[in-house]
Amino acid sequence: WDETHFGKMGSYYINRTFFFDVHPPLGKMLIGLAGYLSGYDGTFPFQKPGDRYEQHNYVGMRGFCAFLGSCLVPFAYLTVLELSKSLPAALLTAFILIFDTGCITLSQYILLDPILMFFLLGAVLSMVKCNSCADRPFSASWWFWLSLTGVNLAGAMGVKFVGLFVVLLVGLNTIYDLWDLLGNLSLSLVVFGKHLLARVLCLILLPLALYTAMFAVHFTVLNKSGPGDGFFSSAFQSQLIGNNLYNVSVPEHLAYGSVVTMKNLRMAGGYLHSHWHLYPEGIGARQQQVTAYLHKDLNNLWIIKKHDSDTADLSDPSSPVEFVRHGDIIRLEHKETSRNLHSHQHEAPLTRKHFQVTGYGINGTGDSNDFWQIEVVGRKAGKLIKVLRSQVRLTHVATGCILGSSGKTLPKWGWEQVEVTCTPYLKETPNSLWNFEDHINPKLPNISLDVLKPSFAEILLESHMVMIRGNSGLKPKDNEVTSKPWHWPINYQGLRFSGVNETDYRVYLLGNPVIWWLNLVSIGLYLLMAVSTAVTLKRGVQLTSELKELSRVVLRGGGQITLGWLLHYLPFFMMGRVLYFHHYFPAMLFSSMLTGITWDTLLKFCAGFLSPSPTARRVYGGGFLTLVLLIMYSFYLFHPLSYGMIGPMASDPSSPMAGLRWMDSWEF
Amino acid sequence: MLGFLKNPVVITAEINMNLMALIVMGLISRLWGLSYPRAVVFDEVYYGQFVSLYMKRIFFVDDSGPPFGHMLLALGGYLGGFDGNFLWNRIGAEYSMNVPVWSLRLLPALAGALCVPLAYQILVELQFSHCAALGAALLILLENSLITQSRFMLLESILIFFILLAVLSYLKFYNLQRHSSFSGSWWFWLLLTGVACSCAVGVKYMGLFTYMLLLAVAGLHFWHMIGDQNLSNVSLMCHFLARGLALIIIPVAIYLSFFYVHLTLLYRSGPHDQIMTSAFQASLEGGLARITQGQPLEVAYGSQITLRNVLGKPMQCWLHSHKNTYPIRYENGRGSSHQQQVTCYPFKDVNNWWIVKDPGMQQLVVSNPPRPVRHGHIVQLVHGITTRYLNTHDVAAPLSPHSQEVSCYIDYNISMPAQNLWRVEIVNRESDTDVWKTILSEVRFVHVNTSAVLKASGFIGASLPEWGYRQLEVVGEKMSKGYHQSMVWNVEEHRYGKSQEQKEREVELHSPTQMDISKNLSFMAKFTELQWKILTLKNEDTEHKYSSSALDWITMDTNIAYWLHPTSGAQIHLLGNVATWTSANVAALVYMCLSLWYLIRRRRKIYDIPEDAWQLWVSAGGICVGGWAVNYLPFFLMEKTLFLYHYLPALTFQILLVPIVLQHLSDHLCRSLLLKSMFSALIIAWFSSVYLVYCTFSPVTYGEPSLSVTELKDLRWKDSWNILIRKQ
């Protein structure tokens, strides 16, 4: 399944070819590193799920992920222990994580999630540890945990942007902490300033530095041209070995008769492209399609001509070179098909309020709708136009609209390339700006373009913009059945990892339903407990010291964990992108920890009511034992989900799993 | 008894002349020349069509919001005797004589005018001086954008009115709380809060933000009450229940009643019918109801039916087949079974009729008594005109190669056997023995041999090429993951087949259905469906010339041209009072900085201002800054087309903050008398500048008088403003 994705990217690191992914690079770098150390040579193609690994050495990468995945258990254990000071609570949490089929499945394969969860829980653990060192600030262990929090934050951010939520959690906790310190009048302002500085240093500057360093490594390692080039701007591409822009030298100024490619300036904008296919009937005029295409292709080449005359052949050396100037009216002829870039007042295929752009005319003869005025942003009339550096706007002379790329993907008839339109709204956006990238004109002297070299900050910014755009571009298509956030906590539907047919070895990502539903109940119980405790305290009821301690655990410890759960769950309701079941797992970690704390305090409350009778201890112990046994038994029932199933599908009554298909939506 | 004989009846009336004056000024500023221009202005073209539909009692669905606002506008039309006959097609079109322009625009204008005294009252209730309250009211009065927005048939002014009313009544309620809980006026203001909130939500969903804010404030105040140890547990419980009743239960009930009235008023079928399910359509007068009226309810073996796809996107369609076969080879070289095409067809047609047949029997008529089909039964579907069986097999479908082709089986004798058994699964069944019902049951057809599910491809571009007459593709979906509407069908037209002979049957199929029983959906079922459609219906993302991003609003970098006189240069724009906007922004900034400063200082136990002044400062800021934030910030997360007028509710709250900050500054920061008088002088200067700006822009606010080109050019204070200048 997604191994194809991340395994492939691991290979890219080993092969040092540049690629593009919507997640930051750390996770894939670590996978690549693990593969490299374990002797994987990066040659396996990772074509489609279910391909056999044959002789390739993949165990290292899987082992690495599995190791990180198994670290989650001790992390969660320590966190809960620190928060509740109760061994049974910590043990319960640990049992839940050990015996949850979902966690096992997810950490067995080459995926980003075990790495993400490792850093995430690491950050939470070190934050909690640091809080408990608060009584001796600036001690060695305090510094250690504080900086470790920072390191883990950088790690979490560096694997997936979901790490942002844990940053938020730590941030809120730190603000609360500082607010507490500020109210402590025994501390002078200088001491408070020290506290503030230490936190800024460890929780902001350190992670930022690490995060940037990570990108620096990413860009140094990947210095060969690869499949991700087209997503980036021309300047960026000139950095990659093997790219045709690397160490390129082209004629500097644009001239009539030149062959050029034009790239849209929006982030991840494509090249202006056309091909022999026509727009289908019913969509504007039935003329040749013009699109934006992200990959390099011969069909991206256009010839610049004067609007009134066919410029003399390039082969004729005697004709003088005439440069294109700002404000000139030109015609763009598609090199392969000899059709002119054309627009007219038909509506564009997707953006109905824009005009359609087509290829029109035969062998360069068209009509007045083929005329475009070329303008450079921020220049005066008559100036020459520079390759790569000039930002150019093309205005359609007849209708006054501007050539732009809407960023929407055309349906099948347009080969899923990006729509190009002529927009009548004269707003200044990168969508309607272009630059010239390739430029071929034998009559002009070439100059080298080292000036173009972007700084590291620019690269960093650009790659982030591209990632964010890529992320928001992952929209669900119409009618695609997608997973909804409310499905997740109730374990509504899993994710098929491998194997479809009866004879295959099937792995299905699904949480252990007993555990998940227990978690769900615990959240409700916890809320009830927290509200009643808070109200009791607010009403000023006198409590014994034991109960006071318990209520502190409920409100402070449980509160932190609940906040974590909320932060890792609620934002998904507002996301427009495609969501998958495994996005819930970070939240699930928090909810498991909450379960441990909730049941521990609940049983203690119960035992507290019964004490001093001997049943109190029995209730407490018995309750725990029941929970643990329940969890273990359910794991015994469901373990084939993660360790693989063979045989008929569970919808078939003869399957061994048939009795376990408790919800119709499970498909194992 | 007869007490009035002993003591004279005395009525003492206290009239706050300030308030009176404000009301009068508000009315003048909003109502003056209301029926000018006598032409469709901006979004009137949008709301107007709904008013017309209300007048004609025709059902519609508007995805922009709940129906209360539309109903209020329609009330204006009703009072003015509007008959609904006007074609709302173009901004700037002249109104015909039958359109009562004045009364259509009256309600929004009244709501806008009443915002002025409301602002005054709110500041008074926040315990600020009458001078500050007067200032707030005047700022609202002189805000050009609010005037423009309330002078036309638009919803924002009504929304703002209800929002302010809700805030005011909550404040009144809270101030009464201290000394007279559970008194008559206490109940009145508490209930009014709930009512105003639900009205605000009923006008536009934006009202929800203020409702949430008030709920949060009420929750916070109640939390303080919990800490008050003088209150007994019982009285605390009573307080809690009263608030729950007034702020949650009553608003929900009122919200439901809006829909109830909406559905009662609109009982005729209309242009938006096809968005709704067949059951809903059947409940409207005319349209589908005329056809389905009197159909037999239970589908039986031998029934003749048409099957409608429940999804209804991109258009509604019915399962269809016709004589033509799939081409042997498609354009891309893949092969087909060359059997009869099965498609989904968006129009009513005799070829949409299918007959339900029992696989074990030959007859195609309904036996007496009819044997109903139940959940889990296995049936064959026979196409009425061609008498071929609905069939699917392991051949790739024409457009979706991952799914199976669905055809009507033709036996070519090429060892491709018929696979025409389908299991009927009723999706919305109550028990496993449910009968398949016309219109009401949503049914999946699961193929017995391959367990594929009959599905309309339903994505845009799924229409078949030339050979399939551009009808929509129907496939057998093998990966039947969960529930999706495209896999669910319902019977729309239905009758019991009577004729065994093919010829007679064709005649029967061509004749219209006639029989009678009526079905009625309960109100709750209709409400849930309509509400769900309103929330999920997405208009295509439209780009608009005057659309703007949320960030532009704060500095007013954008405007909206509402109307332009067809010949002269007179025009109306949505343009705010620049002085007010700027000072409101400054006030918000000052408020936040000062609060942060005070907060940190208080934490270190340094008290700059007295405790009650601090309480005042916090509660006033909580309402005003909170109101501004909840009405503004969510727009950054929204992906719909945004306009400047979406900012107006937030702006209103921000304006209320200006006098609050000013009074605080003069009370607590201007220590000396000299400073104080200087400050007052400054305020007067600033206020006259606000008035000046109002006067400058009033020609484009009221559309009168017509300005010359140079005057218009002078008004273009910002380059990004789009003032229309007629070419000479």
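Here is the naming used below: chain letters follow the sequence lines, and residue numbers restart at 1 for every chain. Quick note: numbers below take in every heavy atom, side chains included, and nothing from hydrogens, waters or symmetry partners.
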Let me know if B/M638 has heavy atoms under 4.5 Å from chain A in its side chain, its backbone, both or neither.
-> neither
A/L178 portion near chain B, given a 4.5 angstrom heavy-atom threshold = neither
B/Q229 backbone acceptor or donor facing A/R539 side chain under 3.5 Å = no
B/W597 atom CH2, neighbour heavy-atom count above 12 within 6.0 Å = no
Give a yes or no on this: more than 12 heavy atoms of other residues, nucleotides or ligands lie within 6.0 Å of atom CH2 of A/W486.
-> yes
Closest contact, heavy atoms only, B/R604 versus A/L187 | NH2-O, 2.6 Å
Measuring heavy-atom distances to chain A, does B/L599 have an atom under 4.5 Å in its side chain, in its backbone, in both, or in neither?
-> both
Please flag which part of A/L537 lies under 4.5 Å from any non-hydrogen atom of chain B: side chain, backbone, both or neither.
-> neither
Just wondering, more than 12 heavy atoms not from B/K718 lying within 6.0 Å of its NZ?
-> yes
Considering only heavy atoms from C-beta outward, does the side chain of B/R603 approach that of A/D180 to under 4.5 Å?
-> yes
To the nearest 0.5 Å, what is the distance between CH2 (A/W179) and CD1 (B/I600)?
-> 6.0 Å
B/I226 portion near chain A, given a 4.5 angstrom heavy-atom threshold = both
Counting only heavy atoms not in B/M592, do more than 12 fall under 6.0 Å of its CE?
-> yes
Measure the CG-NZ distance between B/D228 and A/K538 for me, rounded to the nearest 0.5 Å.
-> 10.0 Å
Atom CZ of B/F240: over 12 foreign heavy atoms under 6.0 Å = no
